[in-house]
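Below, chain A is the first sequence line, B the second, and so on; all start at residue 1. Values in this document were obtained by computation on a predicted structure and should not be read as measured data.
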There are 2 protein chains.
Amino acid sequence: MRRPDETDSEFLRTYDPDAYERPSVAVDVVLLSVRDGRMCTLLVRRKERPQAGRWALPGGFVGIQESLESAAQRVLRAKAAIEDNVFVEQLYTFGEPERDPRMRIISVAYVALVPFELQATAGSAEPDRSVSTVGIPWHGATGGAVELRDSDGRIMKTAFDHADIVGMAVKRIRGKLDYTPIGFQLLPETFTLRQLQRVHEVIQDQPVNKDSFRRRMLASGHLEATGERQRDVEHRPAELYRFIKRSAV
Amino acid sequence: MRRPDETDSEFLRTYDPDAYERPSVAVDVVLLSVRDGRMCTLLVRRKERPQAGRWALPGGFVGIQESLESAAQRVLRAKAAIEDNVFVEQLYTFGEPERDPRMRIISVAYVALVPFELQATAGSAEPDRSVSTVGIPWHGATGGAVELRDSDGRIMKTAFDHADIVGMAVKRIRGKLDYTPIGFQLLPETFTLRQLQRVHEVIQDQPVNKDSFRRRMLASGHLEATGERQRDVEHRPAELYRFIKRSAV
DNA sequence: AAGCATATATGCGCAATGCATCTAACGCAA
DNA sequence: TTGCGTTAGATGCATTGCGCATATATGCTT
């Protein structure tokens, strides 16, 4: 499929690929987690110009023979020590001509969801603390730029249009939450219904009715009771569940 | 905002933008309409190699100082004679290294929705009939490649990965239909509830309950009765409605 | 004038949701 | 050991939205 026919191959030898000036293409990854009742994302302090010192999403240029997916995975491995088992989805492509002062850079943004524990270990492995997580404040319906703050509540200066990219990521995940089972991506392999509910509440920034949430989740067929229960909690321990892929209907 | 500071400007003079080999970036537009109870999209017969003779989405390379949105609008104007008032939304970016045999071309796909009447007049204005509309057959849940057929039901050979792009567009629009008012984008300025229902049925490929559809639409606050009614129909004429943007809550 | 086709309104049963109540199971302190 | 606080999890009920059936309205056609 999609293989050029004979005459096409002839043609390709004479085709001039330099007819147009080309932009650079990069990927940026929004690595979202939920920590202490807030959303957070991984940012890297820029060491080089332009905008040295500002906080940027982990990213990198796309190799000339590298797929966009692979580039995103590579960035995750290199800058966040995150392996391939996490949820990664293409988000949006940002291409305003002036978004980077160096040159025309078109950035294909990806969202990844990981349990905070993974992101924390990845971050602490970085000795120079250039990796940090930030909370995302929550003004109702989002979609535009977002204010990013460090753990002390101070606003972090973000690079380029990366605050817009994070805003778009939050909007996307919030929208998907209602009709796609992705909340569990932000939790350990086994989790309680209460924990899952809190994830939903944080993402939507509004309380969720406990009973109907339980009913919906259990009726969805995506959850499977493990038979295990919580340990060392000061109250009745809750059942631990596991996500299961629903077989094709 | 996002303006480089003094030291950055200095740095930019010495920055070498040619450190990486760069891909070409293009936009392709899926121009969807509903005609005779089927979805259809605009395809252009390729005159040049590679894949001359195959049917492709209207598209073009992104200018080095042109935003992605502008490029999509330019393609719509040039190849479909469609003006700016239509719904256009970025869809997905396709970047497999081998998707185009010429060279690495990353394509940012857009979806546009227009009433079929507009697409028809645009197509007929093209004298060489290189512009055509096709129906999209419907195998349940979509997302992957799609078979495209001409008005006689013959399968049309599509170029590159454009059948995948159309599949993605259909999936996106189908998904958005439930929680976003976009169906009216495929209808004239005033329309009956029945026409809107048919649009929904075609996009979802399943019948919609008439009464609850009416109730939902009227309760949504997006529709406004014009006071006018259909003319020259063989039965009781239906009220004509108009879409209204709901004021911000 | 009669008939036909579709629009529009109304009433009812079912299923999902929100809410309140009740019981179960753990740690903790006296 | 016993009582208490806390959260899990189950049950019952009112409300809401939806599917479905029915009845009426209003145009055109013959």
With sequence neighbours excluded, residues passing salt bridge (charged side-chain N to carboxylate O under 4.0 Å, His left out) with Arg194(B):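 Not a single residue meets the salt bridge (charged side-chain N to carboxylate O under 4.0 Å, His left out) criterion with Arg194(B).
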Sequence-distant partners of [X], side chain to side chain donor-acceptor pair (under 3.5 Å), two or more places apart:
{"X": "Glu89(A)", "answer": "Arg172(A), Lys176(A)"}
{"X": "Ser70(A)", "answer": "Ser67(A)"}
{"X": "Ser107(A)", "answer": "Asp28(A)"}

With Ala112(B) via side chain to side chain contact (heavy atoms under 4.5 Å, CB included) - residues at least two apart: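 For Ala112(B), the residues satisfying side chain to side chain contact (heavy atoms under 4.5 Å, CB included) (neighbours in sequence not counted) are Val29(B), Leu31(B), Leu76(B), Val88(B).
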Salt bridge (Lys or Arg N to Asp or Glu O under 4.0 Å) pairs, two or more places apart, involving residues 209-222 of chain B: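 Counting only pairs at least two positions apart or across chains, no salt bridge (Lys or Arg N to Asp or Glu O under 4.0 Å) contact touches residues 209-222 of chain B.
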Atom-to-atom span, [atom1] of [X] to [atom2] of [N] - whole angstrom:
{"X": "Leu240(A)", "N": "dA8(D)", "atom1": "CG", "atom2": "P", "answer": "12 Å"}
{"X": "Leu218(B)", "N": "dG17(D)", "atom1": "CG", "atom2": "C1'", "answer": "15 Å"}
{"X": "Gln197(B)", "N": "dC18(D)", "atom1": "CD", "atom2": "P", "answer": "14 Å"}

Can you pull every protein N or O that's under 3.5 Å from an N or O on nucleotides 18-20 of chain C?
{"residue": "dG18(C)", "atom": "OP2", "partner": "Ser212(A)", "partner atom": "OG", "Å": "2.1"}
{"residue": "dG18(C)", "atom": "N7", "partner": "Arg215(A)", "partner atom": "NH2", "Å": "3.0"}

Residues Thr226(B) and Thr190(B): side-chain donor-acceptor under 3.5 angstrom: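 Absent: no donor and acceptor within the cut-off.
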Could you list the donor-acceptor pairs under 3.5 angstrom formed by side chains in residues 228-239 of chain B, with sequence neighbours left out?
{"residue": "Arg229(B)", "atom": "NH1", "partner": "Pro237(B)", "partner atom": "O", "Å": "3.0"}
{"residue": "Gln230(B)", "atom": "OE1", "partner": "Ala238(B)", "partner atom": "N", "Å": "3.1"}
{"residue": "Glu239(B)", "atom": "OE2", "partner": "Gly227(B)", "partner atom": "N", "Å": "2.9"}

Identify each atom pair where a protein N or O and an N or O of nucleotides 2-7 of chain C are less than 3.5 Å apart, giving names and distance.
{"residue": "dA7(C)", "atom": "N3", "partner": "Arg236(B)", "partner atom": "NH1", "Å": "3.1"}

